[in-house]
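Take a look at the structure below.
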Amino acid sequence: MSPPVKLIGAFGSPAVHRAEAALRLKGVPYELILEDLENKSELLLKSNPIHKKVPVLLHGDRTVCESLVILEYIDETFDGPPLLPADPYDRSMARFWAHFIDHKCAKPFMLSMWSEGETQKESMKESKENLAFLEEQLIKRKKRFFGGDSIGYLDIAACGMAYWLGVIQESAGVSLASGEEFPALRRWAEEYTSDEAIKPCLPDRDKLLTHYVANIDKYRLMVKAPPA
Amino acid sequence: MATDVPAVKLIGWYGSPYVHRAEVALRLKGVPYEFIRDDPINKSELLLQHNPIHKKVPVLLHGDRTICESLVILEYVDETFDGPPLLPVDPYERAMARFWAHFIDQKFARPFWMSFWMCEDDEHKEAFVKEAKGNLAILEEQLKGRRFFGGDAVGFLDVAACGLAHWLGVIEEVSGVTLVNGDEFPAFCKWAKAYVNDDTVKQSLPDRDELLAFFSGNKEIYMALARATLHK
C-alpha cells in the first residue's frame with residue numbers, strides 16, 4: 001500500500017489547487033495542511049527551505065516542491081487517468097505552454113491588475129496577446145480541454161485562467177477583455193471549473209474575492225517594489 | 001554510400017549554454033542533427049517563425065515538429081530517441097532532477113549573473129555574491145559525493161547545470177570575480193571537471209579561448225545590462 005500523502009497548501013493559491021486537482025483526478029486520498037503564509041510553519045520551512053512556498057507534497061518520507069514538478073510526480077507515481085499525453089511531442093507542447101503560463105503570463109497579468117499608467121496599459125496589451133496565444137491553442141485542439149476529451153496537465157496548469165482571472169479582475173476593477181472576446185477560453189473555463197473532480201478543490205468564490213479585495217494595497221505595493 | 005539528411009535540426013547561437021544543453025542531449029542519444037547557427041543581433045526568419053513567442057534559441061526542429069525551451073527539449077529528446085536515459089527512472093529522482101534544473105534557471109541564475117557584472121563599488125554586489133555562493137553550497141550538497149548529479153553518467157541535471165561547469169570559469173576570468181574555489185566547493189569543482197572532460201560533452205562545448213574572447217568582447221554590454229536590470 002502506498003504511504004500516506006499530505007499536501008501543504010494555503011487558501012486561495014492556484015499553485016496549490018494544481019496539486020489538489022491532480023491528486024483528485026488520480027483518486028489519491030490526501031491530507032491538506034493549511035498554512036498561514038504570514039506565519040509560516042516549521043513544517044513548511046523545513047520541507048521547502050529553498051523557496052519557502054506552497055504547495056509541498058509529502059509522500060511518505062519524500063518531499064516534492066514546485067507545482068509543475070508535483071504534477072509530473074503525481075502522474076508518474078500513481079495509477080489513474082494519465083495527466084500528460086502519451087506522445088512525446090504532445091507532452092513537450094503541454095510542458096511548453098505550462099512554462100509560458102508561469103513565466104510569460106504571470107508578471108504582465110499582475111501588472112495589469114495592480115499597476116497604473118503606462119505600465120498598466122502595456123501590461124494589459126501583453127496580457128491580451130498572451131490570452132490570444134492560449135485561445136489559439138485551444139481552438140487548434142478542437143476538444144473540450146487542452147488535454148483532449150478530459151482534463152489534463154495543461155488544463156490544470158492553466159487553472160489560474162479558468163478561475164482566478166475573473167475573481168482578480170473583479171477585485172481590482174480591471175477588465176482585460178470584453179464578454180465577446182476569447183470565447184474558447186471562456187467555454188473551457190466553464191467546463192474546467194464545473195468538473196466534478198475539480199470543483200471541490202476550488203476556493204469559495206466569495207471568500208476568494210474578499211481575500212483579493214482585502215489585500216489589494218499589498219499587491220499594488222508588491223508590483224512597484226524591486227525584486228527581493 | 002548515401003548520406004542521410006538528418007531529420008533533426010537545431011537552431012542555436014554561438015556561446016549559449018542553453019543551446020549546448022540541447023546539443024549534448026542529442027549527442028548523448030547518438031542522434032545526428034544539423035546545427036543552424038543564428039545571430040541574436042539579427043534573428044533569422046526561420047527562428048522568428050518557429051519561436052514567435054520567445055524569439056530565442058535553442059529551437060529543435062524534428063521533421064515538422066518544433067520544440068522550444070531547452071529543458072522541454074531535453075525531455076523531448078529523452079522520450080523520443082533511444083539511447084541512455086537522461087532522466088532517472090524513479091519518479092522521485094525525476095522530480096528531484098526537474099526541481100533542481102528549475103532552481104538553476106529561476107533562483108540561481110540572477111544572483112549568479114549579477115555577481116559578475118555589477119560594478120565593484122556597487123552596494124548590491126556583495127549581497128548578490130553572498131546569495132550566489134549560498135546557492136552554490138546548496139548544489140554542492142546535492143552532489144552527495146557522486147561523480148555526476150545523474151550518478152555514474154551525465155544525466156538531465158548535469159546537462160541543465162552545464163553553464164556552471166564550462167561557462168562559469170570563463171565568466172570569472174572575464175569579470176575578475178571568483179565565486180568558486182576548491183576549498184569551499186570541492187565536490188562541485190570535481191563535478192565541473194568531470195563534466196567538461198566527458199567525451200560526448202566535449203564535442204559540443206565551445207572552445208574555451210573562443211568563449212573567453214566572446215565574453216570579453218561583450219563585457220561592457222553585460223555590465224550595462226546588470227545596472228539596468230537591478231530593479232527589475
Side-chain angles (χ1 to χ4, degrees), chain A residues 2-3 48-53 56-78 84-105 107 111 119 126 129-130 132-134 136-137 223-228, chain B residues 22 51-56 59-81 87-108 110-111 114 124 127-128 131 134-135 137-139 141-142 229-232:
Chain A
S2 186
N48 191 357
I50 308 251
H51 304 292
K52 305 176 175 60
K53 287 181 175 175
V56 178
L57 187 81
L58 306 170
H59 182 204
D61 59 359
R62 300 168 160 187
T63 305
V64 187
C65 305
E66 300 286 294
S67 61
L68 295 181
V69 176
I70 290 171
L71 283 196
E72 294 219 43
Y73 175 77
I74 290 170
D75 201 23
E76 290 170 1
T77 303
F78 300 102
L84 270 164
D87 177 78
Y89 182 57
D90 294 335
R91 293 160 75 85
S92 71
M93 289 298 99
R95 289 176 180 132
F96 173 85
W97 288 109
H99 193 258
F100 168 79
I101 286 166
D102 277 0
H103 298 289
K104 204 141 197 292
C105 293
K107 197 168 163 201
L111 287 169
T119 305
E126 193 179 344
E129 284 165 3
N130 290 339
F133 280 125
L134 289 169
E136 192 189 328
Q137 283 304 307
V223 299
K224 279 197 181 141
Chain B
N51 193 357
I53 305 225
H54 303 293
K55 306 177 176 56
K56 287 180 177 176
V59 176
L60 187 79
L61 306 173
H62 183 203
D64 59 358
R65 300 168 159 187
T66 303
I67 302 104
C68 306
E69 299 287 297
S70 61
L71 296 181
V72 177
I73 290 172
L74 283 195
E75 295 223 40
Y76 176 78
V77 168
D78 201 22
E79 290 170 359
T80 304
F81 302 103
L87 270 165
V89 170
D90 175 74
Y92 183 58
E93 296 298 319
R94 291 161 75 85
M96 291 300 98
R98 287 175 180 132
F99 174 85
W100 289 112
H102 193 253
F103 169 78
I104 285 167
D105 277 359
Q106 302 304 323
K107 204 159 197 277
F108 191 96
R110 186 175 148 82
M114 296 298 267
H124 300 94
F128 283 124
E131 194 180 344
N135 289 338
I138 291 169
L139 284 180
E141 199 189 312
Q142 285 311 302
T229 57
L230 179 60
H231 292 297
K232 285 242 171 102

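Proteins come first, then strands; the chains are lettered A, B, ... in the order of their sequence lines, and each starts at number 1. Every value quoted in this text rests on a predicted model; they were computed, and no experiment measured them.
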(message) For B:D90, which atoms come within 4.5 Å of any heavy atom of chain A: side chain, backbone, both, or neither?
(response) side chain
(request) Taking all heavy atoms of B:K107 and all of B:N135, pick out the closest pair and write down the distance. (result) O-ND2, 3.6 Å
(request) Below 4.5 Å from any heavy atom of chain B, which atoms of A:R62 appear? Answer side chain, backbone, both or neither. (result) both
(message) Heavy-atom cut-off 4.5 Å, strictly under: side chain, backbone, both or neither for B:I138 against chain A?
(response) side chain
(message) Under 4.5 Å from any heavy atom of chain B, what part of A:D87 do you find: side chain, backbone, both or neither?
(response) side chain
(request) With sequence neighbours excluded, tell me which residues meet ring pair (Phe, Tyr, Trp, His ring centres under 6.0 Å) with B:F81. (result) B:H62
(request) Check each atom of B:R98 against the heavy atoms of chain A and say whether the ones under 4.5 Å are side chain, backbone, both or neither. (result) both
(request) Please state whether the side chain, the backbone, both or neither of A:L68 comes within less than 4.5 Å of a heavy atom of chain B. (result) neither
(message) Once you measure the plane-to-plane angle for B:F99 and B:F103, does it fall in the parallel (<30°), tilted (30-60°) or perpendicular (>60°) bin?
(response) parallel
(message) Below 4.5 Å, heavy-atom pairs only: which of A:M93, A:E76, A:R91, A:H99 has the largest tally toward chain B?
(response) A:E76
(message) I need the minimum non-hydrogen distance between B:I73 and B:L60, along with the two atoms involved.
(response) CD1-N, 3.9 Å
(message) Can you tell whether the side chains of A:R95 and B:E79 come within less than 4.0 Å, N to carboxylate O?
(response) yes
(request) Please list, chain by chain and in numerical order, all residues satisfying side-chain contact (heavy atoms from CB on, under 4.5 Å) with A:S92, sequence neighbours excluded. (result) A:Y89, B:I67, B:V72, B:Y76
